[in-house]
Amino acid sequence: MAEASLTVSSKNYSSWSLRGFLLCRMAGLDFDERVAPLDDPATRAELLLLSPSFLVPCLDHGPVKVWDTLAIGEYLAEIKPQAGLLPKDPVARAHCRAICGEMHSGFANLRSALPMNLKVRHQGFKVWAGAQADIERVTTIWRDCLQRYGGPYLFGKTPTMADAMYAPVCTRFATYDVKLDPASAGYRDLMLKFPAMLEWTAAAKAEPEEVEELDVEF
């Protein structure tokens with residue numbers, strides 16, 4: 001029996017569930033998955049960005065229950081310090097927390113204009129101006145981190161909480177054919193090939209469920 005369980009929603013559409021999954025994999029946590037049904041109103045509200053507070057992913061670990069993605073990352077960093085979810089250097093650690101927080105609370109235009117959908121590719125997709133500003137901010141963060149810490153991940157040689165937080169953006173950039181500078185494109189491709197990401201993507205493509213509102217033709 002696994003030591004923990006992680007409740008997620010759709011693997012194809014839920015960026016927050018993906019973040020929670022990646023954090024657990026990066027931490028080396030032994031966990032089982034539970035899937036919230038798509039016909040659950042709270043699940044659909046989360047996927048369609050209609051709810052201000054999301055209850056998935058939710059990590060159950062003994063008596064501990066954590067249902068906020070950033071809180072899951074912080075909890076895992078506490079109980080699995082050897083995994084390196086947060087950098088050891090205090091300056092880098094503060095920087096990591098700052099950009100994780102920015103992803104957690106920001107980029108609303110990017111989320112609404114480029115919803116996560118791992119099953120499709122929209123070649124030549126035209127990004128509207130509001131989302132473009134978010135894209136430019138994300139790639140600025142990536143380039144700064146890659147240059148400052150030497151890559152290939154945002155904070156150096158091993159993945160951290162920041163990589164888990166920005167991984168769904170990598171899928172969005174691929175889905176909507178977003179043109180990127182070479183450094184950002186290289187980081188996107190690295191994360192798309194990350195073993196836990198490949199595991200998640202394969203499961204997402206096998207999902208039979210669909211959310212019509214997120215499967216519209218652009």
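Everything quoted here is computed from the prediction, not taken from an experiment.
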Is a donor on one side and an acceptor on the other found under 3.5 Å between the side chain of [X] and the backbone of [Y]?
X	Y	result
S184	L180	no
Y176	P115	yes
E3	H61	no
D134	L110	yes
R93	K88	yes
R111	G106	yes
D32	S5	no
K119	E207	yes
R172	L114	yes

Just so I know, are the side chains of [X] and [Y] near enough to count as touching, which here means a heavy-atom distance under 4.5 Å?
X	Y	result
E102	I141	yes
I99	Y166	yes
I135	F107	no
C100	L70	yes
F21	E33	yes
H95	R148	yes
F31	R25	yes
H104	W16	yes

Provide the closest heavy-atom pair for [X] versus [Y] in the form atom of the first, atom of the second, distance.
X	Y	value
L85	G73	CD1-O, 4.0 Å
A27	L76	CB-CB, 4.1 Å
V120	T175	O-CG2, 3.6 Å
G20	P57	CA-CG, 3.9 Å
K205	L118	CE-O, 3.5 Å
P159	M26	CB-CE, 3.8 Å

Problem - Flag for N117-H122: side-chain donor and acceptor within less than 3.5 Å - result: no

Exercise for the section: Using only heavy-atom distances, determine whether the side chains of S9 and S14 contain a donor-acceptor pair under 3.5 Å. Expected result: yes

Would you say [X] and [Y] are hydrophobically clustered, going by side-chain heavy atoms of ILVMFWY under 4.5 Å?
X	Y	result
V169	W128	no
L198	L190	no
V91	L86	no
L192	Y153	no

Spacing of [X] atom [atom1] and [Y] atom [atom2] [to the nearest 0.5 Å]:
X	Y	atom1	atom2	value
E199	M197	CD	CE	11.5 Å
E74	L23	CD	CG	10.0 Å
L59	C24	CG	SG	5.0 Å
M161	I72	CE	CD1	10.5 Å
M191	C170	CE	SG	6.0 Å
D68	C58	CG	SG	10.5 Å

Exercise for the section: Can you establish whether the number of heavy atoms outside Q82 located under 6.0 Å from its atom CD is more than 12? Expected result: yes

Handout entry: Over 12 foreign heavy atoms within 6.0 Å of CZ, R121
Key = yes

Handout entry: K179 NZ/CZ over F125 ring centroid, <6.0 Å and within 45° of normal
Key = no

Problem - Stepwise side chain to side chain donor-acceptor pair (under 3.5 Å) test for S15 and R19 - result: CA-CA 6 Å; S15 60; R19 291 180 176 102; 3.3 Å; yes

Exercise for the section: Would you check if the distance from the ring center of W142 to the ring center of F173 is below 6.0 Å? Expected result: yes

Problem - Residue pair R143, D181: steps toward the salt bridge (charged side-chain N to carboxylate O under 4.0 Å, His left out) verdict - result: CA-CA 9 Å; R143 290 193 303 271; D181 61 273; 2.8 Å; yes

Problem - Test log, rule side chain to side chain contact (heavy atoms under 4.5 Å, CB included), inputs L22 and W200 - result: CA-CA 9 Å; L22 290 175; W200 179 276; 5.8 Å; no

